[in-house]
Amino acid sequence: MREERIHKYNLLKNSFKIDPYLLNLEDSEAGLSKQLWQEFKTKRILATDIHKNFENLAQGDLSEEITWVAGRIHNNRNSGMFLDLYDETGKIQIVNERTELEGGYHNAEEDKHLLDLLDKGDIIAVYGKPYRTPRGELSIKTIDLWILSKAILPPPEIIENKRRRLGLTDVEVRYRERYLDLMVNPQVKETFKRRAEIVLGIRQFLNEKGFLEFETPILQTSAGGAAARPFVTHHNTLNMNLYLRIATELHLKRLLVGGFEKVYEIGRIFRNEGISTKHNPEFTSVELYQAYADGQDMMQLTEDLICRLAQSEEIEHLGEKINLQKPWRRVQMSDLVQEVTGKDFDIANCSLEQAKQQAQELKIEIGSAQTVGEILYKVFEEKCEAKLIQPTFVLGYPWEDSPLAFVSANSTCSMKDQETQNTREAKYAERFELFIYGRELANGFTELNNPFRQKEAFLAQQKLKDKGNEEAHPLDEDYIKALEFGMPPSGGLGIGIDRLIMLLTNSASIRDVILFPTMKPLV
RNA sequence: GGGUUAUUAGCUCAACGGUAGAGCAGCUGACUCUUAAUCAGUUGGUUCCGAGUUCGAAUCUCGGAUAACCCA
């Protein structure tokens, strides 16, 4: 098939003197080319607009309004008489009356042959008049047409009609050759359009609230701000290893030290971890930090943001109705665990022995967990996470896993609880995570701005690292130095944008919302 | 990391130990007719790769690749 197309390409070039990759309007013998090209660029109409503008054109009627359209041919009936032309907005039918085709820069005789050389997949420009066929299909009746790009490979069949199982369904091809997926699966195009709108919506929301967007380093000498294994790369002239960032947190908080009070960054994050329907090695997050605020403010902001992006108080996600009506549930992790398992793992009431015993009763492998808090977290992950279908803020994270958050007795994520941090042994981090449909969507806390506490927390992480925990947070002396200059008390929030888009576009896999997901090469 | 499943023509799939097939696409022709156009004819294969069992393998066995899903 490819050979056939190449043959046609050569025919066009040699017999017609047309290079089907150039704007052949330029080569017109009629001398009108430049003028026509200008006209084309300024007057081209999108398919949806034609349908809108000529809605009332009666059957069989021909409008006198000269119209330009362009797009890809996806279907061809009656030997080129009817073409289905698709642009970004949809389909418009082209009607070619061979006997009526006038010459533009090629004469009518040649047009006949030109029609025969058109293939599915070719991108063409059409100059003609709106026309509703006797059968009622709004079309463009061609006066002249030009090949703008010859397709050597045919496009997969476009799916508009489910009556037969065709089109491109192989997920592997859809991910590897996403352009084909976009070309023929309208709902895929719709998802990514929505993605662009959501990201724009986040920017608009934050900008309205006075946040400033910044760009912080992706290449870092120390990959901090989260618990994850980083990718390592090498800088040749500095002759040193660098890490790809696993979070934007520590640099954004340096901006708070510098005096900005509301900052955010939307950007790519890299984590050297497994791939699943919820994980891609590179993904997009938005992190924001607000001075003179706390975790409470961050929860409210999260609600406001997501509700605005959803544009509806109830959405349907993979068969579940998700009620987004504010305020969303806020619950302590230990209360939630008790609710689900009937066992009390609250650090205040539960000894390490009891916690281990209870975990065993629940048949939960505690693995490396050494404290009540860590066991609580394991039980939560095992027993509760998947059940959090409706939006839920989970509070009261064990401090061991939250080295960048304030620690308090009550973990209400409110600033006034900080004063109780002296008796750290019985404490939770002032941290929350948002779950919807069992998926972690956001993570926020009242930021730790005490450099001494921060250093202690880093040193505790260092010990874990020494024990072989590759996800433990590295000691970042430079960040501690920044805190020593003083960071205002602040709230911080991170949202996984891909997962948020999954939720809002009703997508089951993160790969359905990432245009080019990470794949192993075929050879 | 473990398990399950899949990989056959450009696309969607069949053939389940006995000559590798269909629909669509492509090509040739008919038809100013259509919208899944139709009609007639027709081309097209390293059955993901490699080894084994067998008279005979797309099919059974083993190994590998890639992917999807589930579990950790």
Side-chain angles (χ1 to χ4, degrees), chain A residues 1-9 11 47 51 59-60 62 72-86 90-101 108 111-112 115-122 131-142 150-181 183-185 229 272-280 318 363-369 378 381-383 385-386 438 470 507-512 516-523:
Chain A
M1 189 181 303
R2 193 164 169 272
E3 283 67 35
E4 290 289 346
R5 299 284 181 102
I6 291 172
H7 175 69
K8 285 182 183 174
Y9 165 66
L11 213 63
H51 286 288
Q59 281 189 7
L62 182 69
R72 187 185 301 278
I73 300 171
H74 272 285
N75 213 350
N76 168 342
R77 292 177 290 280
N78 288 57
S79 313
M81 184 178 183
F82 301 101
L83 304 175
D84 287 342
L85 197 69
Y86 284 78
K91 175 180 120 177
I92 181 72
Q93 177 171 270
I94 306 300
V95 176
N96 296 306
E97 299 267 8
R98 282 182 188 241
T99 49
E100 291 178 21
L101 278 180
D111 271 334
K112 285 185 184 175
L115 275 190
D116 294 335
L117 292 175
L118 290 180
D119 285 307
K120 288 183 188 178
D122 289 353
Y131 167 60
R132 192 176 293 280
T133 64
R135 294 282 185 96
E137 174 94 10
L138 185 61
S139 312
I140 299 297
K141 192 163 195 178
T142 305
K150 182 82 193 145
I152 299 303
L153 294 171
E157 188 131 340
I158 210 156
I159 303 171
E160 275 205 311
N161 192 326
K162 294 272 165 83
R163 271 187 293 169
R164 93 176 157 205
R165 292 179 62 203
L166 276 181
L168 185 68
T169 59
D170 183 324
V171 284
E172 190 170 348
V173 179
R174 287 185 42 224
Y175 296 155
R176 284 187 196 279
E177 299 176 71
R178 182 70 88 180
Y179 45 89
L180 294 179
D181 196 22
M183 204 184 280
V184 302
N185 291 328
R229 290 172 63 184
N272 206 338
E273 294 168 346
I275 294 178
S276 77
T277 47
K278 290 187 264 184
H279 301 87
N280 196 60
L318 305 178
K363 297 196 174 69
I364 289 168
E365 287 283 332
I366 58 170
S368 59
K378 284 252 186 240
E381 278 185 310
E382 287 280 324
K383 296 287 179 187
E385 266 194 29
E470 292 190 70
S507 301
S509 168
I510 197 166
R511 290 185 206 93
D512 292 330
F516 301 99
T518 306
M519 305 281 275
K520 273 200 178 184
L522 280 176
V523 183

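The analysis underlying the following values was restricted to heavy atoms, covering all of them including side chains, and did not include hydrogens, waters or symmetry mates. All figures in this text were calculated on a predicted structure; none of them were measured in a lab. In the text below, chain A, chain B and the rest are named by the order of the sequence lines, each starting its count at 1.
Atom P of B:A57 sits at a distance of 35 Å from the matching atom of B:G1, rounded to the whole Å. With both ends at atom C1', the span from B:A72 to B:U12 equals 35 Å, rounded to whole Å.
With sequence neighbours excluded, the residues satisfying salt bridge (charged side-chain N to carboxylate O under 4.0 Å, His left out) with A:Arg5 are A:Asp119. Evaluation of the side chain to side chain donor-acceptor pair (under 3.5 Å) rule for A:Asp512 yields A:Tyr175 as partners, not counting sequence neighbours. Take A:Tyr9 and apply the ring pair (Phe, Tyr, Trp, His ring centres under 6.0 Å) test, not counting sequence neighbours, and it matches A:Tyr21. Residues passing the salt bridge (charged side-chain N to carboxylate O under 4.0 Å, His left out) test with A:Lys141, sequence neighbours excluded: A:Glu97, A:Glu100. Take A:Ser507 and apply the side chain to side chain donor-acceptor pair (under 3.5 Å) test, not counting sequence neighbours, and it matches A:Thr505.
Here the side chain of A:Glu97 is nearest to one of B:U32, B:C11, B:A37, namely B:U32. Of the listed nucleotides (B:A67, B:C13, B:U35), B:A67 has the atom at the smallest distance from the side chain of A:Met519. Listed nucleotides: B:A67, B:C11, B:A37. Nearest to the side chain of A:Leu168: B:C11. Listed nucleotides B:U12, B:A72, B:U35 differ in distance to A:Glu382; the shortest reach to its side chain belongs to B:A72. With distances taken from any side-chain atom of A:Lys120 to the nucleotides B:A67, B:G26, B:C13, the minimum falls on B:G26. Closest approach to the A:Lys8 side chain among B:A67, B:A37, B:C27 is made by B:C27 (side chain taken as heavy atoms from C-beta onward). Of the candidates B:A68, B:A30, B:U66, the closest approach to any side-chain atom of A:Tyr175 belongs to B:A68.
The interatomic distance linking A:Ile152 (CD1) with B:G26 (P) rounds to 15 Å, in whole Å. Going from atom CG of A:Leu11 over to atom P of B:C27 covers 13 Å, rounded to whole Å. Rounded to whole angstrom, the span from the CD atom of A:Glu177 across to the P atom of B:G10 amounts to 13 Å. The nearest whole Å value for the distance from the CD atom in A:Glu172 to the C1' atom in B:C69 is 14 Å. One interatomic measurement links the two molecules: CG of A:Asp116 to P of B:G29, which rounds to 9 Å at whole-angstrom precision. Note: OH (A:Tyr131) to P (B:U32) measures 15 Å, nearest angstrom. The CG atom of A:Asn78 sits 14 Å away from the C1' atom of B:A36 (whole-angstrom rounding).
Stems are defined here as 3 or more consecutive Watson-Crick or G-U wobble pairs with pairing distances under 3.5 Å; those involving RNA chain B are B:1-7 with B:65-71, B:10-13 with B:21-24, B:26-30 with B:38-42, B:48-52 with B:60-64.
Distance alone, capped at 3.5 Å, places no donor-acceptor pair between the A:Asn280 side chain and the A:Pro517 backbone.
The phosphate of B:A68 (OP1 or OP2) has a side-chain N or O of A:Arg511 nearer than 4.0 angstrom.
Residue-level contact check: A:Asp84 touches neither bases nor backbone, having no heavy atom under 4.0 Å from any strand. Here A:Arg5 lies out of heavy-atom contact (under 4.0 Å) with every strand. When heavy atoms are screened at a 4.0 angstrom cut-off, A:Thr277 is found touching the sugar-phosphate backbone but no base atom.
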